[in-house]
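Everything on this sheet refers to the single structure shown next.
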Number of protein chains: 2
Amino acid sequence: MNDRLETPKRPMTSRQLAALIGVSQAAVSRAFTPGSSISPELRERILRGAREFGYQPNAIASMLTTRRTNIIGLVVSDMSNPFHPAMVERLTRGLQRLGLQSLLFNVTPGARVEDQLIAIRTYNVDAVIVLSATVLSERDLAWAVEGRRAVVLNRLTTQDITTICCDTGLGMRALVDHLHAIGRRRIGYVAGLTRSAIGMERHSAFTTRLAELGMRLTGTASYESHSYEAGWKGALDLLAGKPDAILFATDILALGGMDALREAAGLRIPEDIAVAGFDDIALAGWPHYALTTYRQPIDQMVELTLSQFTAGPAPAPAHIAIPGELVIRGSTQRLGDTTV
Amino acid sequence: MNDRLETPKRPMTSRQLAALIGVSQAAVSRAFTPGSSISPELRERILRGAREFGYQPNAIASMLTTRRTNIIGLVVSDMSNPFHPAMVERLTRGLQRLGLQSLLFNVTPGARVEDQLIAIRTYNVDAVIVLSATVLSERDLAWAVEGRRAVVLNRLTTQDITTICCDTGLGMRALVDHLHAIGRRRIGYVAGLTRSAIGMERHSAFTTRLAELGMRLTGTASYESHSYEAGWKGALDLLAGKPDAILFATDILALGGMDALREAAGLRIPEDIAVAGFDDIALAGWPHYALTTYRQPIDQMVELTLSQFTAGPAPAPAHIAIPGELVIRGSTQRLGDTTV
DNA sequence: TTGAAAGCGCTAACAG
DNA sequence: CTGTTAGCGCTTTCAA
């Protein structure tokens, strides 16, 4: 590797501690290994000694023998969509609870993905969690998780990897049904990344339900990004079609769209036009936006992800879609209804 | 440790590769060590063989001998303030560029901090970056970084640790001067975490400048949090004092405050009341908010942090304050000026 | 420059 | 239950 940082001073080793309290080095190791065969008295004596002399087992050394690192690689590509940090935060906390560490990888479109993720291999992480990282091609994805447990969140893949997503079909259906129920008939759609599988799924689930209900698609826009700006521009693009509602592929798009509709187009929401998103990020609940959206079941998604990393043989790869929850707020409202 | 995850299948070792191409195991090691004494030809032959057979050096094993992990512990406590994920993203990318990995720690107020950060020690991370983690007491902080390089960002400490902050004094002065320049004289202040050193510094820098300019402090509010909701409530609390401007300790507070002022109090910004924040998060630039704020020099802060981790002896701990930049947007405006 | 050999600190058989 | 003994895969002397 490189020699960027100098060698820090050495902490005490199990052998030193063993010598200090007159037991074998192996005994020290056992004292720190739950379930190993050691008498409670000996263990207690050793743990007390460890506290006294400040001994901590060296995880690096144990990795070498056990071939387990207890490190999970967390691959993310875009922290500017608030949905992602929210997810990262929960995942990291959950992993910590299980005694697992999170090695964070931020993949960017520029450099070669394999170079960016090489540490997944050299550091031998036990498992990989990929969070909506559309930057990764199918090949990259396969390379990154090769030979280890993996969970892909909010992204679909043809690889033999467990994927966990919010149920797009249910979500889009609930949203469209809601728009229908409040009397909207002319709907525009702002897509995010149209070439991602999940993006396409959201789009097609949307158009399918729209057709089933006999509603009109007044137009589709996309700037190939999940950003406020993309939502802003996308919303304005759709106005020519005179929609009475716009559905956005993600909340962050919807926020940009709402501001554009209000400030650039001078429209009232929901009186002139209804707006809905998908995700339920914290900002969607802010009073200024009060965005109707489909809430991703974050907690369940995290729990399910964590359950892949517990003892026993690796679960067979599965593609899991979890139902979310329609959250109705002020951005949608029955047409002609004047109460806010 | 635990036995959560089963042993994955073993990758090729340097010894195996050595046997395969008929060189010594040490030669393989040297081939992957920049600057080691090995002939270009041998190295080339070995690297070619490595590519062919898919050999990758095992970082774990090398950690054991070199006692360097090339892992940096990144300690964060609150990802819901957008300033933090923005910082984490840049830090991680910067570290990756240097060939360093980021082990992410999410400290929460609940559990014992030492338990949450134990991996800093057992995994022997080379250095620690603490990001505004006010959850950590001074004692926790000292414990966490003991014996290794460390940088504390946006937090002050009495410990002998390098701290890197945006220059609070300059920032607050610039903001107050600006409010003064546009004719505001009655200023309210919404604080975040009042018991943090940086919180107190911002507050006192603010009041100092206010007094120097002979402006009136109409009130101070705080809900001990950097959140939208805390800003919302804080802003409303201040209205009794009839301020013509409110300064918020952070942008996220200001956003909540602005929405409260507009939607709950029915005020116009900046006509009825001016608003300013501190940080310049992405949302501050959204047209709906157009928040005047003091931009933290994130890029410089990250570069400076990274420079602490480059070759050579550890730089002496220093307390560094970097000037930011006043960003004037629509939320502040000359009193009586009607153009937007 | 290259190879042989001795560990790094720990876990995991294997005896006792 | 406890101690002894081999390694884990690599880096780093030390000779050649």
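Naming convention: chains lettered A, B, ... in sequence-line order (proteins, then strands); numbering from 1 in each chain.
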Rounded off to whole Å, could you give me the [atom1]-to-[atom2] distance for the [X] and [N] pair?
X: Ile60(B); N: dG7(D); atom1: CD1; atom2: P; value: 22 Å
X: Met63(B); N: dC8(D); atom1: CE; atom2: P; value: 19 Å
X: Gln56(A); N: dC10(C); atom1: CD; atom2: P; value: 11 Å
X: Asn124(A); N: dG9(D); atom1: CG; atom2: C1'; value: 11 Å
X: Asn58(A); N: dG7(C); atom1: CG; atom2: C1'; value: 14 Å
X: Tyr123(B); N: dG9(C); atom1: OH; atom2: P; value: 18 Å
X: Arg121(A); N: dG9(D); atom1: CZ; atom2: P; value: 17 Å
X: Leu64(B); N: dC8(C); atom1: CG; atom2: P; value: 9 Å

Under 4.0 Å from OP1 or OP2 of [N]: is there any side-chain N or O of [X] that close?
X: Arg68(A); N: dT11(C); value: no
X: Arg67(B); N: dT11(D); value: no
X: Ser39(A); N: dT2(D); value: yes
X: Tyr55(B); N: dC10(D); value: yes

Assign Ser37(B) to base, sugar-phosphate, or nothing according to its heavy-atom contacts below 4.0 angstrom with the strands shown.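 The answer is base, as Ser37(B) lies within the cut-off (heavy atoms under 4.0 Å) of a base atom.
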
Say you draw a straight line from CE of Met63(B) to CG of Leu64(A); how long is it, rounded to the nearest 0.5 Å?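 Between atom CE of Met63(B) and atom CG of Leu64(A) there are 10.5 Å.
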
Look up atom CG in Leu91(B) and atom CG in Leu100(B), then write down how far apart they are to the nearest 0.5 Å.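 So the CG of Leu91(B) and the CG of Leu100(B) are separated by 11.5 Å.
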
Check whether [X] reaches the backbone of [Y] with its side chain - one donor and one acceptor, N or O, closer than 3.5 Å.
X: Arg149(B); Y: Asp126(B); result: no
X: Arg121(A); Y: Pro11(B); result: no
X: Ser102(A); Y: Leu104(A); result: no
X: Glu89(A); Y: Ala86(A); result: no

Tell me which residues in residues 13-21 of chain A lie within less than 4.0 Å of DNA chain C, going by non-hydrogen atoms.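 When residues 13-21 of chain A is checked for heavy atoms under 4.0 Å from DNA chain C, the hits, listed by number, are Thr13(A), Ser14(A).
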
What's the angle between the local helix axes at either end of the helix from dT1(C)-dA16(D) to dG16(C)-dC1(D), using five pairs per end and rounding to 10 degrees?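 Computed angle between terminal axes is 30°.
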
Decide yes or no on side-chain contact (heavy atoms from CB on, under 4.5 Å) for Thr108(B) and Val135(B), but give the supporting numbers first. CA-CA 7 Å; Thr108(B) 61; Val135(B) 170; over 6 Å; no

Going by an N to O cut-off under 4.0 Å, is there a salt bridge joining Arg90(B) and Asp299(B)?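 Salt bridge present between Arg90(B) and Asp299(B).
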
Does a side-chain N-to-carboxylate-O contact under 4.0 Å join Arg51(A) and Glu44(A)?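 Yes, this pair counts.
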
Just by distance, with hydrogens left out, do Thr122(B) and Gln56(A) show a side-chain donor and acceptor under 3.5 Å apart?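 Looking only at side-chain atoms, Gln56(A) and Thr122(B) do not form any donor-acceptor pair under 3.5 Å.
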
Chi angles and distances behind the side-chain contact (heavy atoms from CB on, under 4.5 Å) call for Thr69(B), Tyr123(B): CA-CA 8 Å; Thr69(B) 56; Tyr123(B) 283 67; over 6 Å; no

Does anything in residues 23-30 of chain B reach DNA chain D, meaning a heavy atom under 4.0 Å, and if so which residues?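 Heavy-atom cutoff 4.0 Å gives Gln25(B), Ala26(B), Ser29(B), Arg30(B).
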
Is the closest side-chain heavy-atom distance between Gln159(B) and Pro317(B) below 4.5 Å?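 No, side chains not in contact.
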
